Number of protein chains: 2
Amino acid sequence: MKLFDEQSFLHQLSIDCVIFGYKDAELKVLISRIKMKRSFWALPGGFIKHEESIDQAAKRILEERTGLKDIYLEQYRVFGEPNRINHEVFEGLTSLRDEWAEQIMLDEASLQWLAKRFVSIGYYALVDINKMHPRKSELDDSVDWYNVKQLPALIMDHNEMVTQALETLRLNLDRKLIAFNLLPDTFTMKEVQELYEAIYDKPFARNNFQKKILDLNVLERLEKKFTGAANKAPYLYRFQQ
Amino acid sequence: MKLFDEQSFLHQLSIDCVIFGYKDAELKVLISRIKMKRSFWALPGGFIKHEESIDQAAKRILEERTGLKDIYLEQYRVFGEPNRINHEVFEGLTSLRDEWAEQIMLDEASLQWLAKRFVSIGYYALVDINKMHPRKSELDDSVDWYNVKQLPALIMDHNEMVTQALETLRLNLDRKLIAFNLLPDTFTMKEVQELYEAIYDKPFARNNFQKKILDLNVLERLEKKFTGAANKAPYLYRFQQ
DNA sequence: ACAAAAGTGTTGACTATACACCCATGG
DNA sequence: CCATGGGTGTATAGTCAACACTTTTGT
């Protein structure tokens with residue numbers, strides 16, 4: 001099995017995905033730790049097959065890492081500085097070459113292919129964190145969720161990619177009604193509010209927030225959710241539109 | 001002189017520019033007519049050199065066509081369907097090969113390079129139409145301004161690229177205060193209003209429009225402009241921020 | 001009965017829009 | 001002095017944020 005089949009993919013063009021999830025009142029991003037002597041952290045990414053569209057490629061990459069089909073994703077920006085060359089990982093790969101070469105996972109041509117400058121198309125995705133189980137790719141040591149406010153130092157410009165993805169998410173959140181992709185099928189209004197507060201990193205007034213969200217006319221009110229707490233039970237809602 | 005030096009540019013990646021201008025109360029787009037037996041219309045575009053960033057490449061392409069440095073431009077979307085192959089123009093080129101081959105403008109390798117699928121990064125630009133003189137590239141028969149509402153049928157997905165550029169322009173216009181890039185150095189409030197009406201394709205109320213624009217606090221009021229018409233002379237404004 | 005948290009109503013400030021009026025200009 | 005078009009003020013409606021109050025729940 002070959003990792004980078006330089007025949008199958010467009011050259012010098014990649015896709016990197018900022019996969020957002022939400023848990024414990026924190027907005028999280030899925031980050032790979034790359035399998036090397038020294039650890040590198042990076043956004044999940046991949047390449048574009050000759051016969052597939054860039055959107056299909058992004059979907060395939062997301063499915064490989066999340067196991068989910070039909071997740072919300074959107075391209076938001078291209079990163080194309082000429083120095084976007086992955087020196088760190090490339091040198092790590094080179095040092096592993098002998099070991100891996102035996103498994104025919106990395107030949108000279110693949111290394112040459114990887115060593116070049118890459119223009120990367122940034123996608124961001126919104127997933128229900130409970131529905132998915134992160135899957136490691138062959139290169140990954142681990143794949144984990146990190147609080148978007150406490151990310152490790154990522155390779156190349158990947159930290160900047162996250163920052164710009166978050167900016168785009170904030171701009172699009174209300175306009176495109178996409179916040180609910182981060183929540184389970186049913187949720188309370190308080191959960192929606194805490195999600196918004198995590199995304200915008202600022203508090204919202206409870207009553208006004210409820211009004212604003214209900215005025216969107218995209219939520220169906222279901223039965224109440226009795227938690228056993230000594231207070232009024234909140235309604236559950238379901239997104240529909 | 002060689003047109004497509006397949007050694008100099010990234011493979012299968014292009015840049016196409018939607019260059020907006022404004023004249024005679026119409027929003028216009030710069031369109032090339034390609035030099036062939038049958039005419040093809042296309043957005044000005046180009047390729048990315050190995051050592052330059054995508055933004056630099058877009059600037060270079062714009063300068064080649066407009067003669068202007070420092071014009072406002074912004075990437076807005078990537079177009080990456082797998083069928084983005086320029087069959088029409090490619091076949092036109094093939095038929096011209098013998099003629100051009102004598103001038104060493106088009107060799108077999110360049111043709112192979114051009115015949116492939118291209119992923120294209122869409123940029124839009126805003127220029128003061130009076131400051132620039134459209135320049136033809138070697139492939140162009142002519143370069144002309146077309147009303148954005150009356151474009152000819154362009155090659156591939158270029159009509160869709162214009163539509164999406166216009167949508168992005170509308171979303172960003174107030175947020176990024178970029179409308180004034182389309183106007184000369186000094187202008188009247190009526191000219192600003194007519195520009196907005198051309199961009200959004202809808203009328204604005206005169207008095208409220210003036211209030212809204214002045215409240216942006218980015219215009220400096222200059223002397224009055226006496227046109228000789230039998231009415232109150234409007235003020236001239238200059239953008240400053 | 002009480003504390004805690006959810007739901008809803010009311011107020012005042014701000015903004016957007018429609019209407020009205022006045023003013024400068026050249027014939 | 002009049003027609004034309006530019007500048008500005010005001011009233012109304014609509015939106016947004018702060019505060020207050022009521023309701024439900026389990027102890």
Side-chain angles (χ1 to χ4, degrees), chain A residues 24-25 170-177 179-180 183-239, chain B residues 22 24-25 170-177 179-180 183-240:
Chain A
D24 302 331
R170 287 172 177 167
L171 280 174
N172 289 340
L173 199 62
D174 281 336
R175 204 162 51 79
K176 303 196 175 181
L177 297 175
F180 308 103
L183 292 171
D185 290 334
T186 64
F187 45 83
T188 65
M189 191 56 71
K190 179 167 192 169
E191 288 170 335
V192 182
Q193 181 175 341
E194 287 175 343
L195 168 59
Y196 266 71
E197 292 178 337
I199 292 176
Y200 288 101
D201 195 25
K202 69 171 186 186
F204 288 83
R206 186 172 55 89
N207 51 348
N208 299 325
F209 183 83
Q210 169 134 341
K211 227 172 287 176
K212 163 186 155 169
I213 296 296
L214 291 181
D215 284 352
L216 298 176
N217 286 314
V218 294
L219 295 190
E220 178 188 10
R221 179 178 277 187
L222 308 171
E223 74 280 8
K224 291 187 174 184
K225 179 189 181 187
F226 292 90
T227 60
N231 53 45
K232 192 168 177 176
Y235 289 104
L236 283 174
Y237 293 90
R238 180 190 290 135
F239 177 69
Chain B
Y22 174 68
D24 302 330
R170 286 174 177 166
L171 280 174
N172 289 340
L173 199 62
D174 280 337
R175 204 162 52 78
K176 302 195 174 179
L177 297 176
F180 307 103
L183 292 171
D185 290 335
T186 64
F187 44 83
T188 65
M189 190 56 70
K190 180 166 192 169
E191 288 169 336
V192 182
Q193 181 174 341
E194 287 175 342
L195 168 60
Y196 266 71
E197 291 177 338
I199 291 175
Y200 288 100
D201 196 23
K202 69 171 184 184
F204 289 84
R206 185 171 57 92
N207 52 347
N208 298 327
F209 183 83
Q210 169 135 341
K211 227 173 285 176
K212 164 185 153 169
I213 296 296
L214 290 181
D215 284 352
L216 298 175
N217 285 314
V218 293
L219 294 190
E220 178 189 8
R221 179 178 277 185
L222 308 172
E223 74 281 8
K224 290 188 175 183
K225 179 191 182 188
F226 292 90
T227 60
N231 53 44
K232 196 168 174 176
Y235 289 103
L236 283 174
Y237 294 90
R238 179 190 290 136
F239 177 70
Q240 57 172 19

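Given the structure is predicted, the values throughout are model-derived calculations rather than measurements. Naming convention: chains lettered A, B, ... in sequence-line order (proteins, then strands); numbering from 1 in each chain.
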- What is the distance from atom CG of Leu219(B) to atom CG of Leu177(B), rounded to the nearest 0.5 Å? 9.0 Å
- Tell me, which of residues 183-193 of chain A have any heavy atom that sits under 4.0 Å from an atom in DNA chain D? none
- Mind checking what makes ring-ring contact (aromatic ring centres under 6.0 Å, His included) contact with Phe180(B), not counting sequence neighbours? Phe187(B), Phe239(B)
- How close or far is atom P of dG6(D) from atom CG of Leu236(B), stated in whole angstroms? 12 Å
- Between Pro234(B) and Arg206(A), who's closer to the 5' end of DNA chain D by nearest nucleotide? Pro234(B)
- note: Glu223(A), atom CD; dA6(C), atom P; distance rounded to Å ~ 17 Å
- Under a 4.5 Å cut-off applied to non-hydrogen side-chain atoms, are Gln210(A) and Val192(A) in contact? no
- Task: Name the nucleic acid region contacted by Ala205(A), choosing base, sugar-phosphate or nothing; use a 4.0 angstrom heavy-atom cut-off, strictly under.
- Result: nothing
- Query: Got a sec, which residues hit salt bridge (charged side-chain N to carboxylate O under 4.0 Å, His left out) with Lys176(A), two or more places apart in sequence or on another chain?
  - Reply: Glu74(A)
- Over how many whole Å does the gap from Lys212(A) atom NZ to dA18(D) atom P extend? 13 Å
- When rounded to whole Å, the CD1 to P distance for the pair Ile213(A) and dG7(C) reads 13 Å
- 4.5 Å side-chain heavy-atom contact, Arg175(B) and Asn172(B): yes
- Message: Would you say Gln210(A) places a side-chain N or O within less than 4.0 Å of OP1 or OP2 belonging to dT8(C)?
- Response: yes
- Message: If I take atom CZ in residue Phe209(B) and atom C1' in nucleotide dG6(D), what distance separates them, rounded to the nearest angstrom?
- Response: 14 Å
- Message: If we ignore hydrogens and angles and just use 3.5 Å, is the side chain of Glu191(A) paired with the main-chain N or O of Thr188(A) as donor and acceptor?
- Response: yes
Could you list, one pair per line, each protein nitrogen or oxygen that sits under 3.5 Å from a nitrogen or oxygen of nucleotides 10-16 of chain C, together with the distance?
unit_1	atom_1	unit_2	atom_2	d
dT10(C)	O4	Lys211(A)	NZ	3.0

- Task: Enter the distance from Lys190(B):NZ to Arg206(B):CZ here, rounded to the nearest 0.5 Å.
- Result: 8.5 Å
Got a list of side-chain donor-acceptor pairs under 3.5 Å for residues 195-203 of chain A, not counting sequence neighbours?
unit_1	atom_1	unit_2	atom_2	d
Tyr196(A)	OH	Asp174(A)	OD1	2.7
Glu197(A)	OE2	Gln193(A)	NE2	3.1
Glu197(A)	OE2	Phe204(A)	N	2.9
Tyr200(A)	OH	Arg170(A)	O	2.8
Asp201(A)	OD1	Lys149(A)	NZ	2.9

Restricting to nitrogen or oxygen on both sides, can you table the protein-nucleotides 2-4 of chain D pairs closer than 3.5 Å?
unit_1	atom_1	unit_2	atom_2	d
dT4(D)	O2	Ala230(B)	O	2.8

Show me, pair by pair, the donor-acceptor contacts under 3.5 angstrom made by side chains of residues 230-238 of chain A, not counting sequence neighbours?
unit_1	atom_1	unit_2	atom_2	d
Tyr237(A)	OH	Arg221(A)	NE	3.1
Tyr237(A)	OH	Arg221(A)	NH2	2.8
Arg238(A)	NH1	Glu220(A)	OE1	3.2

